[in-house]
Amino acid sequence: MRPTRRPAFLLRSFARFLPAVTRAGIVSTEGSPRAAAQLVPNLARYWFSTARELEQGAAATPDRTALIDDSGVLSYQQLRDQARTVASWLTQLQEDRGLDELRIGVMARNGRGIILPLGAKGYTGGHIFLLNIGSSPEQLRGIFAENRINVLFIDDEFADRVPAAVAEEAGITVVRAFTEPAAPGAPGGAGLTLEDVVLGGVDKQLPLFPKHGNMVLMSSGTTGIPKGIVRPEPRLPFVLAGYLEAIPWRSGDTVQLSASIFHTWGWSALQVALASRSTIVTRRVFDAEACFKQIQDYRCDGLISSPIFFKQMLALDEDFDTSSLRYLASAGNAITPALLRRTTERFGPILANIYGSTELALAAAASPEQMQTDPTIAGKVPPGTVLKLFDASGEEVPTGQTGRIFLHNETALKGYTNPNTEVVEIDGLVEIGDLGYMDEHGFLHVQSRNDDMIIVGGENVHPQSVTEVLEEMPGIGEVYAHGVDDEEMFKRIAVWVVPEESEHGRGLDADAVRDWVRARLADHSIPRDVHFMDELPRNPIGKVVPRLLPGI
């Protein structure tokens with residue numbers, strides 16, 4: 001069941017959508033008369049897929065640089081042509097192997113190794129599975145069996161997780177998506193490469209109106225087989241306006257994309273970048289100094305990243321010229337007041353916040369101006385989205401009251417690849433898994449994950465509030481707060497602290513941490529356990545993995 005869309009709701013959504021996407025050039029007719037003539041046919045054939053963006057980019061601005069990655073530079077024409085060549089090869093492979101459908105797996109870091117298969121997916125009508133690069137060999141076996149993947153694009157870096165015998169047993173044709181030219185003959189060095197596919201020049205007729213296969217993104221999957229989240233290719237993604245109202249993205253911008261493309265945030269940003277015919281600058285492995293250099297050397301207009309990467313950049317003492325930046329956009333983790341203050345001091349008041357999930361994409365977005373006014377907001381609900389908050393009994397809560405966040409829009413999940421995985425719904429709205437409230441101005445505030453909130457002595461405690469307070473403490477480089485079991489109180493707050501390499505950091509002790517919290521929060525928020533660590537365990541997209549923390 002899906003919520004009913006009344007005409008007035010759709011009209012309001014379209015009224016926000018059209019100006020926003022027009023400003024960013026997403027539905028403009030920039031370029032030749034041929035580009036204008038192809039605008040509607042491309043939408044009809046490819047919807048809002050990567051293939052659509054590549055087709056329109058090649059028609060409108062063929063010579064504009066589309067991608068600068070570890071392997072070199074590609075124009076929009078070259079990127080489009082290479083994606084079509086990969087699609088032709090996939091179509092020939094499907095015919096040669098007698099496959100009913102293409103089920104394309106990709107396990108690759110940022111760059112053409114993931115972008116070309118995404119484009120090819122739209123041309124062939126196959127299904128694509130963006131695999132989390134943190135997946136173990138055992139998890140990959142489960143993913144292959146559950147999702148019947150028959151083609152795999154994989155970076156050499158991860159090749160040892162899929163031995164040739166495993167790929168053969170699963171009936172998978174393996175393509176090496178990124179190869180290290182400096183290491184010929186190294187493990188994983190044999191076999192077909194993406195470059196071989198591109199240079200092979202297979203010329204196979206592609207469907208004029210391809211099917212629209214599923215886009216499947218994988219959960220982090222720290223234990224068991226990662227959940228496959230099935231997402232549709234949208235015909236008219238109203239949520240785009242939410243991104244563009246918060247981020248002053250313009251046609252032809254140059255953006256540094258650090259957010260991982262295999263994750264919802266990076267994939268969404270890739271789509272916006274291609275649709276606005278931006279130049280995408282990226283690297284496979286994030287390095288703070290290299291990121292600064294790319295921003296300086298390419299005069300980037302925007303930086304699309306995540307809080308953990310911002311923190312690494314802010315830790316550098318080197319002075320780089322970032323005056324070209326008009327916006328920073330962040331998602332994946334909460335922006336704390338301390339991080340907002342530090343980014344503002346370094347880059348100016350240009351940080352926008354994007355809030356969502358793998359299942360539901362964009363749920364709210366806050367512009368830099370809104371963030372400066374109130375750093376605790378997640379943002380405004382985007383057009384085309386119905387978002388409500390419900391209490392434990394399933395009743396909608398009033399403004400200002402905490403509830404479970406539920407929503408639906410055109411980019412929300414269709415379900416999971418495993419039909420036994422439950423989708424929690426109320427009135428056709430899907431639960432995002434967080435607690436929050438709406439303020440009187442219509443802004444969403446996110447307090448914690450549903451299962452993060454704990455009750456200490458009868459009082460609700462959101463660990464994120466403890467994290468935010470401690471991030472302001474001199475000497476603390478990183479901090480994470482979480483609930484742990486307690487024999488008397490059932491739950492209590494614990495914190496894990498990474499001290500700075502400074503006089504304040506060397507002087508930190510558990511009592512000082514507790515005193516800092518005691519002076520700023522109620523007694524039930526004071527951490528009884530304080531663990532000092534050299535680093536926090538994080539997954540590939542920068543989120544802390546609680547099960548790897550001592551004392552959990």
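Hydrogens, waters and symmetry mates are skipped; everything else that's a heavy atom, side chains included, is used.
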Quiz item: Do Arg284's NZ or CZ and the ring of Phe178 fall within the cation-pi criteria of under 6.0 Å and 45°?
Solution: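 Pair Arg284/Phe178 counts as cation-pi.
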Quiz item: Hey, does the Lys NZ or Arg CZ of Arg52 hover above the aromatic six-ring of Phe48, less than 6.0 Å from the centre and inside 45° of the axis?
Solution: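 Yes, cation above the ring, under 6.0 Å and within 45°.
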Quiz prompt | Atom of Thr65, atom of Val73 and distance for their closest heavy-atom approach | solution =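 That closest heavy-atom pairing would be CG2-CG1, 3.6 Å.
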By the salt bridge (charged side-chain N to carboxylate O under 4.0 Å, His left out) test, which pairs, at least two apart or in different chains, include something from [range]?
| range | value |
| --- | --- |
| residues 257-274 | none |
| residues 127-136 | none |
| residues 37-46 | none |
| residues 203-217 | Glu95-Lys204 |

Would you check if there is a donor-acceptor pair between the side chains of [Y] and [X] at a distance under 3.5 Å?
| X | Y | answer |
| --- | --- | --- |
| Lys543 | Asn333 | no |
| Asn132 | Ser135 | no |
| Gln77 | Asp81 | yes |
| Gln372 | Thr344 | yes |
| Asp321 | Gln296 | no |

Self-check item: Residue among Asp69, Asp155, Asp70 satisfying salt bridge (charged side-chain N to carboxylate O under 4.0 Å, His left out) with Arg112
Solution: Asp69
Self-check item: Short side-chain to backbone donor-acceptor contact, Ser367 and Gln370, under 3.5 Å
Solution: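 Side chain of Ser367 to backbone of Gln370, a donor-acceptor pair under 3.5 Å: yes, one is there.
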Quiz item: Are the side chain of Arg64 and the backbone of Arg277 linked by a donor-acceptor contact shorter than 3.5 Å?
Solution: yes
Of all residues at least two apart in sequence or in a different chain, which pass the side-chain hydrogen bond (donor to acceptor under 3.5 Å, both in side chains) check with [X]?
| X | value |
| --- | --- |
| Ser306 | none |
| Trp249 | Ser276, Ser278 |
| Ser305 | none |

Exercise. Not counting sequence neighbours, which residues clear salt bridge (charged side-chain N to carboxylate O under 4.0 Å, His left out) with Arg326? List them please.
Key: Asp253, Asp301
Quiz item: According to the ring-ring contact (aromatic ring centres under 6.0 Å, His included) rule, which pairs have a member within residues 270-309, sequence neighbours left out?
Solution: Phe286-Phe309, Phe292-Phe320
Quiz item: Do Val446 and Ile377 come within less than 4.5 Å of each other through their side chains, counting heavy atoms only?
Solution: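 SC-SC contact between Val446 and Ile377 ruled out.
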Quiz item: Is Lys121 salt-bridged to Glu233, cutoff N-O under 4.0 Å?
Solution: yes
Practice problem: Not counting sequence neighbours, which residues clear ring-ring contact (aromatic ring centres under 6.0 Å, His included) with Trp267? List them please. | Solution: none
Exercise. Just jot down the ring-ring contact (aromatic ring centres under 6.0 Å, His included) partners of Tyr123, sequence neighbours excluded, or say none.
Key: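 Here the qualifying residues are Tyr46.
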Practice problem: Sorted by first residue and then second, give each side-chain hydrogen bond (donor to acceptor under 3.5 Å, both in side chains) pair with at least one member in residues 348-360; sequence neighbours left out. | Solution: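 Pairs touching residues 348-360 that pass the test: Tyr355-Asp434, Glu359-Tyr416.
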